[in-house]
Amino acid sequence: MEKEIFDCFHCKESLYGKKYTLKDDIPYCIKCFNSLFANLCERCKKPIECNSKDLAYKDSHWHETCFKCDKCDHSLVEKPFAAKDELLLCIECYSTEYSSKCFGCRATIMPGSRKMEYNGSNWHETCFVCQSCREPVGNKPFIPKESKIYCMPCYEKQFANQCKSCRKAITKGGLSFQEQQWHRECFVCTSCKKNLVGEKSTSRDESPYCVDCFDNLYAKKCAACAKPITGQGGAKYISFEDRQWHSDCFTCAKCSKSLVGEKFHTNEDDVLCPSCGLAIKM
């Protein structure tokens, strides 16, 4: 029976009794396979023969013994590594050369570890802490003060003004009235609860009032028209004994002549000009 042909696909030499390898199910002798298909090692520039382990990373190849850190020459086989400017570096060398330094502890922030970035500086997540309680801030809101950071509860407790109305911290906005601090939404009329931001207002016993409520509650009433005498805008009024009048209302009860700056007489609750006063007495 005729012997089956078993030759190298490239050089046609018989493979009987010789080492060979397959590529796409086609047999090659070792010499032809290495010359045709072996990758060049990125480090030593020699072929990675079929009897050697071929380590690959981003279209580049290395012998197992050549797969080393380009800085310290330690093996990277089965170890974490990083690439920088076409160099392969162990994590220690990469961190020393290129990793950020923590603004808090000044140590290297290792690749792959979580870091916080703020105001152009980097921190380990565990170093980015509130200046007061020393708890990590993480993704929670915080407030900077004099190059230090504070979590909201600590900042409010130590530094924030307290609203006169709700007694809670004022962290932003707010306003000052009668030397007291208020949230803008808390600055309302004590009586009608109308918001007073941008409105004319006054106070009584340290409590704010809109002008209308203050006048209705506390302003003196005109003896003639019974309406409040506000004094707003520099308005003048007349006071006599325990009664007050608007200037326009201070008139003779009989002839309606203005008595502002004039002599007058009284008749029970009425004020009279001198002529009308004499007429009543006659």
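Computation of the quantities below employed the complete heavy-atom set of this structure, encompassing side-chain atoms and omitting hydrogens, waters and symmetry-equivalent molecules. One is the number of the first residue; the rest follow in order along the sequence.
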So how far is it from E268 CD to D270 CG, rounded to the nearest 0.5 Å? 7.5 Å
Non-hydrogen side-chain atoms of P27 and F6 separated by less than 4.5 Å: yes
F81 ring center within less than 6.0 Å of F67 ring center: yes
Return yes if some donor-acceptor pair links the side-chain N/O of R243 with the main-chain N/O of D269 below 3.5 Å, else return no. yes
Mind checking the NZ-SG spacing from K194 to C189? Nearest 0.5 Å is all I need. 8.5 Å
Tell me if a side-chain donor or acceptor on S35 pairs with a main-chain N or O of K31 at a distance below 3.5 Å. yes
Between atom CG of N161 and atom CG of L175, what is the distance when rounded to the nearest 0.5 Å? 11.0 Å
Below 4.5 Å, heavy atoms only, C-beta onward: do S247 and W245 meet side chain to side chain? no
Answer yes or no: is there a side-chain heavy-atom contact under 4.5 Å between M116 and H124? no
Taking the side chain as every heavy atom from C-beta outward, state whether V271 and L259 have any atom pair closer than 4.5 Å. yes
Distance (rounded to the nearest 0.5 Å) between D54 CG and E49 CD: 12.0 Å
Mind checking whether F33 and Y20 have ring centres under 6.0 Å apart? no
Atom CD in E125, atom NZ in K115: separation rounded to 0.5 Å? 13.0 Å
Worked verdict on D70 versus R43 for salt bridge (Lys or Arg N to Asp or Glu O under 4.0 Å): CA-CA 9 Å; D70 286 315; R43 189 178 182 93; 3.3 Å; yes
Nearest-0.5 Å distance, OH of residue Y155 to OH of residue Y150: 9.5 Å
With the 4.5 Å side-chain cut-off for hydrophobic clustering, are W62 and V77 part of the same group? yes
Establish, yes or no, whether a centroid distance under 6.0 Å links the rings of F37 and Y28. yes
Please set out all donor-acceptor pairs under 3.5 angstrom arising from side-chain atoms of residues 126-145, sequence neighbours excluded.
residue: S132; atom: OG; partner: Q158; partner atom: NE2; Å: 2.6

Taking the side chain as every heavy atom from C-beta outward, state whether T266 and E241 have any pair of such atoms under 4.5 Å apart. no
Please find the pair of heavy atoms, one from L76 and one from L89, that lie closest to each other, and give the distance. CD2-C, 4.3 Å
Identify the heavy atoms of V197 and R184 that sit nearest to each other, and give their distance. CG1-NH2, 3.0 Å
C69 and C90 have their tightest heavy-atom pair at SG-N, 3.4 Å
Between C44 and H63, is a side-chain contact (heavy atoms from CB on, under 4.5 Å) present by the stated rule, with each step listed? CA-CA 8 Å; C44 70; H63 291 104; 3.4 Å; yes
Would you say that S191 contacts Y209 through its side chain, given a criterion of any heavy-atom pair below 4.5 Å between the two side chains? yes
Side chain to side chain, L272 and K254, heavy atoms closer than 4.5 Å: yes
Heavy-atom closest contact (L55 atom, E64 atom, distance): CD1-CA, 3.8 Å
For K220, all residues meeting side-chain hydrogen bond (donor to acceptor under 3.5 Å, both in side chains), sequence neighbours excluded: none
Over all heavy atoms of both residues, which pair between T190 and P208 is shortest? Give the atoms and the distance, please. OG1-O, 2.7 Å
Determine, stepwise, if the pair E13 / K18 fulfils salt bridge (Lys or Arg N to Asp or Glu O under 4.0 Å). CA-CA 10 Å; E13 289 188 8; K18 298 180 180 179; 3.5 Å; yes
What I'd like to find out is whether the side chain of L15 reaches to under 4.5 Å of the side chain of C29, using heavy atoms alone. yes
Check for me whether the distance between the ring centres of Y118 and F103 falls short of 6.0 Å. no
At their closest point, which heavy atom of F177 faces which heavy atom of S201, and how far apart are they? CE1-OG, 3.7 Å
